[in-house]
Amino acid sequence: MDINELIGIVKNIQGYDLDSQQEKVVKHGKGPLWVVAGPGSGKTEVLVLRTLKLVFVDNLLPSSIIITTFTEKAANNLFERILNYTNLIFKEYPELESKIDVHGLKIGTLHSLCNDIMLENKNQAYENYKLLDELEQYLFIFEHSDLANERSSKYCPLFEKFEYLFSGFDPVTNTFRWNKERLPNKWRRTNASIKLFNRMVENLIDLEKLKDAEEPYDLVICAYNDYVTKLEEHRRCDFAHLQKKFLEFLDTPLGLRFLNGDGTETHPGVKYVLVDEYQDTNPIQEEIYLKLSKGTHNLCVVGDDDQALYRFRGGTVDCMVTFKQACVNTFGIKPDDVTVIFLNTNYRSHPDIVYYYDDYIKSFPSMRLEGARVEYKPPLDPKGKISGDYPSVAYITGKTINETAENFAIFVEDLIKNEIIEKPSQCALLMRSVRESARNAGPFAEALRNRGISVYNPRSKNFLEHEETAGILGAFISIIDPDLSALESVGPPNIKNMVHFWINEYKEIADKYPDLSNYVNKSVESISKIPLDNWIKVNILDIFYHILAHEPFNEWRDDVEKTYRLGQLSKIFETYASVPYPGFPGSDRGELRTGKTEDGTISFGWRKTFYYALIGLLVSAGLDDPEIEILTPPDHLPIMTVHQSKGLEFPFVFVYGLKQKPRLDDSILLEDAFLNFRKKPPLVNFTPEERAEQDLIRFYYVAYSRAQYALIHLVPKVHLSSGFFGFIGKKIIDFKEKAKELGA
DNA sequence: CTGGGTGCAGTTTTT
DNA sequence: CTGCACCCAG
């Protein structure tokens with residue numbers, strides 16, 4: 001197929017032409033391609049079409065093309081679009097159908113591809129390892145890592161140096177700061193270990209360099225080595241090490257065969273690498289991408305440096321901003337050999353909104369520093385269908401949050417009454433936190449509901465308080481710790497309170513469902529008959545599923561949300577059951593034993609660990625409620641975090657807040673702590689304060705650039721005059737005043 | 001409109 | 001403990 005035929009087909013399907021920049025991306029041949037794409041510029045579409053071009057025009061074997069993006073959801077979406085186009089192409093060119101199968105494309109998150117490729121290529125260093133997800137890594141570190149378990153003062157200098165990893169709110173103990181009189185508690189140490197170890201791997205920390213560092217880095221090495229040893233011992237691998245192993249795999253003979261191919265269709269080699277959302281890439285991922293394309297230089301990255309949101313995951317915008325330099329350094333080519341294409345045409349927002357957020361991001365001195373944004377980035381050019389002379393950027397205010405929320409609800413009500421919008425789902429309220437507390441989404445959700453406008457707020461963190469989750473946990477605990485004697489020994493009141501709540505919830509259910517209470521009582525009785533110090537034949541999962549098989553859990557299967565939550569909970573139990581038992585190879589936490597001294601009970605140690613490790617985690621994690629409907633119900637107004645809104649667009653976008661202080665969070669401080677020990681020193685350097693500020697600016701940029709018809713700030717009066725963003729208040733229109741002026 | 005004092009609640013996101 | 005909202009004085 002000819003490239004123009006392909007573009008013609010696309011035009012027929014879409015009804016419009018690609019713009020010249022988009023076309024350049026699709027048509028680009030060999031060599032590094034750096035696509036700097038603004039919001040609403042059609043970047044994912046372009047990536048899809050470029051993939052089609054490689055397959056249908058260049059006739060590359062799909063399995064020689066790697067396409068990655070940031071989340072599973074985005075990856076699925078990307079593949080679906082490719083598949084759609086492919087099917088339409090097959091309608092016009094039926095003879096291709098037998099020759100081309102796009103299912104061969106290596107498309108997914110980088111993590112999933114690393115996993116699949118190493119398994120397919122039988123990489124010995126990865127085969128037979130269990131990949132740990134977030135929860136599994138937590139439980140593994142909680143039980144196995146020296147840093148989390150050492151009871152002496154061995155690690156004190158490390159605790160001091162990385163103090164920020166141990167401070168902040170700890171919901172398990174309800175404390176705000178590590179009490180330095182004592183060692184940090186185990187949850188804090190576990191969380192700190194996770195952050196520390198993951199970041200060391202993601203930022204490609206050179207252990208050799210670290211060896212020469214002054215203390216307490218010796219303790220960091222010691223803790224890290226211990227963790228890696230334990231992982232190997234138990235044949236586990238976390239997400240960060242998955243990437244590290246993949247990088248190492250690429251240097252092995254099997255890896256080189258994968259990379260360069262051997263002339264067979266099974267091993268065609270890696271011919272092209274395409275990366276979406278490149279601004280959220282971290283150093284180890286950058287290294288992987290560069291290595292994958294070292295032989296071909298065919299690396300295409302797409303992203304928007306202004307929309308980087310994932311520093312907490314090790315993502316650094318630097319990779320996006322310095323892509324050209326990285327290619328020059330790694331491939332040994334000239335800067336001009338890297339093709340730069342700016343997709344700066346915006347098809348999403350009203351021109352005034354586009355100018356507004358473009359001005360916004362450029363107005364901060366910290367964003368104008370060298371290396372903060374991609375060089376020579378042109379201004380956004382609005383060419384969307386939306387136009388009209390109305391105030392498209394404005395604010396709604398009030399004396400207090402509640403009053404602001406009230407005015408907001410009145411405004412939304414008016415939008416509906418006056419038929420400016422058909423349904424509430426054409427709006428979105430974007431907030432930093434969607435929790436329905438007085439400082440967050442609470443007043444807004446309430447004001448809307450008071451006016452009969454339903455709210456769609458799926459992530460409100462009360463997973464453990466529903467009757468089904470509380471009920472099954474209560475039933476389970478009633479079996480394994482019937483007199484709650486182990487619970488009594490658990491310190492933190494949060495855990496105790498939560499468990500008591502579950503027990504009560506279970507008792508209420510049990511009153512109505514005698515079969516269930518019979519099962520629970522019988523189980524307690526049969527455990528009581530097992531002699532001291534003996535294995536119990538049932539695994540915790542057996543107990544869990546037996547409870548599930550009883551009413552009312554059984555009939556709750558008809559309820560989508562309840563089923564989802566119970567499914568999540570059973571996954572959590574499965575995870576816990578798979579945690580290796582320290583010191584007993586081959587056994588795991590799912591297996592139960594009776595106590596050594598106390599007759600007829602589950603071992604006290606097991607019960608205690610269950611409360612501390614698993615329940616403590618659940619209580620502190622505040623698990624999310626399910627997001628079952630991906631699409632907002634039309635008669636609901638979605639309340640979401642800015643992260644959730646990424647990649648989406650809404651006719652009316654409301655954003656709360658113009659008064660927020662940039663925060664030096666631990667991701668930023670950790671970057672600095674390891675700055676001098678990177679295998680590759682970073683190409684840009686900002687102070688932690690500068691990075692914190694830039695992150696905050698980008699965060700709101702993402703929010704503002706979601707708006708199609710109107711962007712409306714929700715700001716209590718004080719936000720307009722003071723605070724970090726206060727100046728914005730002077731640039732936008734007060735909706736109420738404008739309405740008065742127009743006599744509306 | 002600003003600044004200081006008081007009181008209160010306690011992100012977010014992903015593999 | 002910190003950051004934010006809110007109130008009040010100037």
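Below, each value reflects all heavy atoms present in this structure, side chains not excepted, and no hydrogens, waters or symmetry copies. Labels below follow one simple rule: chain letters A, B, ... track the order of the sequence lines, proteins then strands, and each chain is numbered from 1.
- Within 4.0 Å (heavy atoms only), A/Leu242 reaches no atom of the nucleic acid at all.
- With sequence neighbours excluded, the residues satisfying side chain to side chain contact (heavy atoms under 4.5 Å, CB included) with A/Ala75 are A/Thr69.
- Across the protein-nucleic acid pair, A/Arg432 atom CZ and C/dC4 atom P stand 6 Å apart, rounded to whole Å.
- Taking atom P in both B/dT12 and C/dA5, one finds a spacing of 15 Å when rounded to whole Å.
- A cation-pi arrangement is found for A/Lys186 relative to A/Phe142, the charged atom lying closer than 6.0 Å to the ring centre and inside a 45° cone about the ring normal.
- Across all strands, A/Phe70 comes closer than 4.0 Å only to sugar-phosphate atoms, never to a base (heavy-atom distances).
- In terms of position on DNA chain C, the residue among A/Arg177 and A/Asn402 whose nearest nucleotide sits closer to the 5' end is A/Arg177.
- Among the protein residues, A/Tyr656 comes within range of the sugar-phosphate backbone only, with heavy atoms under 4.0 Å from sugar or phosphate atoms but none that close to a base.
- Using a 4.0 Å cut-off between charged side-chain N and carboxylate O, A/Lys244 and A/Glu202 make no salt bridge.
- The listed nucleotides are B/dT15, B/dG10, B/dT13; the one nearest the side chain of A/Phe176 is B/dG10.
- At the heavy-atom level, A/Glu72 lies under 4.0 Å from the strands shown only through sugar-phosphate atoms.
- Taking every side-chain heavy atom of A/Thr71 into account, B/dT14 is the closest of C/dC4, B/dT14, B/dT11.
- Between B/dT13, B/dT15, C/dA5, one nucleotide has an atom nearer to the side chain of A/Lys659 than all others, and that is C/dA5.
- In terms of position on DNA chain C, the residue among A/Arg663 and A/Lys399 whose nearest nucleotide sits closer to the 5' end is A/Arg663.
- Ring geometry for A/Tyr310 versus A/Phe70: interplanar angle of 30 to 60°, hence tilted.
- The interatomic distance linking A/Asp170 (CG) with C/dT2 (P) rounds to 17 Å, in whole Å.
- Atoms CD1 (A/Ile401) and P (C/dC6) sit 5 Å apart, rounded to a whole Å.
- Between A/Leu110 atom CG and B/dT15 atom P the separation is 12 Å, expressed in whole Å.
- Residue contacts shown for A/Ser167 are absent, as no nucleic acid heavy atom lies under 4.0 Å away.
- Between A/His241 and A/Phe197, the distance from one ring center to the other does not fall under 6.0 angstrom.
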